[in-house]
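Worksheet: one structure, shown below.
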Amino acid sequence: MKILFQGDSITDAHRDKNDYHDLGVGYPKYAAEAIANRHPGTEFEFIDLGISGHKTEDLRARWQKDCIDIQPDVVSILIGVNDTWHRAGDRDWIPNEVYEENYRYLLTEIKEKTNAKIIIIEQFLLPVPDKEYFREDLDPKIQITRKLAREFADVFIPTDGIFAASCIGEEPTVWASDGVHPTEAGARLIARHYADAFDKIFLSVK
């Protein structure tokens, strides 16, 4: 069973770009370990093609080569925070319509050109003071991600809400020191929810 992790630096997680089976040190590594342990009778191929700094438009530009040609059985996408972050300096936000068009393209291509099950992981931001103003752009785009998940996803991981809940009684820096890039604890938290989400579709893929 071929599982493809796609996204930005959170998925990249310092992986070896010369070996797409290298899962870096982030949630793909821990998710793969959990999935393999839960399903010992299944042979898995885990592929990580997250690239640091990428936005929805960057995924779109490489989607044929880095998704469709691979023909995964399961593809997960965690993208969107850079669509906000890279324009945050002067608040020259990417229009919501453009974000939706790019993301919809990725999902439509999967549906039309592969048989893959889709796991959508929503973009997230933990409450850190220097990025609080990101919310004016991030929140509407999270709502778009959720809308697209209802339309396209086989499973959805509401990561922004998960981290919001996890910050009750814990400092946000426990999970992500800069509010975006997970610590090991944050990566393991995502991975646990990922493995749970995968279990929901496992029998339909097998």
Side-chain angles (χ1 to χ4, degrees), residues 2-13 17 20 26-28 47-126 131-164 179-182 190 193-194 197 201:
K2 190 181 296 185
I3 300 176
L4 171 62
F5 299 95
Q6 266 293 3
D8 51 32
S9 58
I10 303 167
T11 302
D12 181 329
K17 302 291 194 304
Y20 70 16
Y27 78 87
I47 298 171
D48 187 344
L49 285 172
I51 296 181
S52 182
H54 272 203
K55 305 180 292 296
T56 51
E57 66 180 272
D58 300 303
L59 258 64
R60 182 170 182 166
R62 62 185 177 90
W63 206 237
Q64 180 67 41
K65 175 174 66 74
D66 286 355
C67 181
I68 307 305
D69 289 350
I70 292 169
Q71 289 293 301
D73 297 297
V74 177
V75 57
S76 66
I77 306 173
L78 170 51
I79 199 69
V81 72
N82 289 327
D83 290 66
T84 294
W85 195 348
H86 289 190
R87 300 293 192 95
D90 54 8
R91 288 179 162 86
D92 181 25
W93 310 116
I94 295 169
N96 290 338
E97 296 78 10
V98 173
Y99 171 78
E100 180 171 351
E101 179 187 352
N102 287 336
Y103 211 147
R104 182 176 292 277
Y105 172 86
L106 305 176
L107 298 166
T108 301
E109 287 286 289
I110 295 170
K111 286 290 190 184
E112 292 183 352
K113 298 180 180 179
T114 81
N115 293 313
K117 297 293 184 181
I118 298 172
I119 300 175
I120 292 180
I121 311 171
E122 77 182 357
Q123 65 269 56
F124 57 85
L125 177 68
L126 282 78
K131 297 182 181 69
E132 286 180 356
Y133 73 99
F134 284 18
R135 284 285 173 188
E136 69 180 71
D137 182 67
L138 187 73
D139 285 353
K141 288 182 169 62
I142 285 175
Q143 293 305 318
I144 291 169
T145 302
R146 292 176 177 179
K147 179 179 76 170
L148 292 172
R150 291 191 295 272
E151 186 175 345
F152 289 95
D154 294 284
V155 216
F156 175 64
I157 305 175
T159 333
D160 194 55
I162 289 166
F163 277 120
V180 173
H181 296 96
I190 297 171
H193 285 275
Y194 192 108
I201 58 173

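The structure displayed is predicted, hence computed values, not measured ones.
- For the residue pair Tyr99/Thr145, the side-chain donor-acceptor check at 3.5 Å is satisfied.
- Aromatic ring pairs are classed by plane angle as parallel below 30°, tilted from 30° to 60° and perpendicular above 60°; the pair Tyr27 and Phe5 is perpendicular.
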ask   = Given Gln64 and Asp69, is the side chain to side chain donor-acceptor pair (under 3.5 Å) satisfied, shown in steps?
value = CA-CA 6 Å; Gln64 180 67 41; Asp69 289 350; 2.6 Å; yes
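- In terms of modelled atom types and a separation under 3.5 Å, the side chain of Lys2 and the main chain of Ile70 share a donor-acceptor contact.
- Asn82 places a side-chain N or O within donor-acceptor distance of the main-chain N or O of His54, the cut-off being under 3.5 Å.
- Counting only residues at least two apart or on different chains, the salt bridge (charged side-chain N to carboxylate O under 4.0 Å, His left out) pairs with a member in residues 97-110 are Arg60-Glu101, Glu100-Arg104, Glu100-Lys147, Arg104-Glu151, Glu109-Lys113.
- Within the 4.5 Å cutoff, the side chain of Ile201 has heavy atoms near those of the Val74 side chain.
- A donor-acceptor pair under 3.5 Å is absent between the side-chain atoms of Arg91 and the main chain of Tyr133, judged by distance alone.
- In this structure, Gln6 contributes its side chain and Ser76 its backbone to no donor-acceptor pair below 3.5 Å.
- For the pair Asp160 (side chain) and Phe124 (backbone), a donor-acceptor distance under 3.5 Å is absent.
- Looking at Asn96, Thr56, Asp83 one by one, the single match for side chain to side chain donor-acceptor pair (under 3.5 Å) with Lys141 turns out to be Asn96.
- Between the side chain of Lys55 and the main chain of Trp85, no donor-acceptor pair closer than 3.5 Å is present.
- A donor atom on one side chain and an acceptor atom on the other are found under 3.5 Å apart for Thr84 and Asp137.
- Judged purely by atom type and a 3.5 angstrom limit, Asp154 uses its side chain to pair as donor or acceptor with the backbone of Ile118.
- Between the side chains of Thr159 and His193, no donor N or O sits under 3.5 Å from an acceptor N or O.
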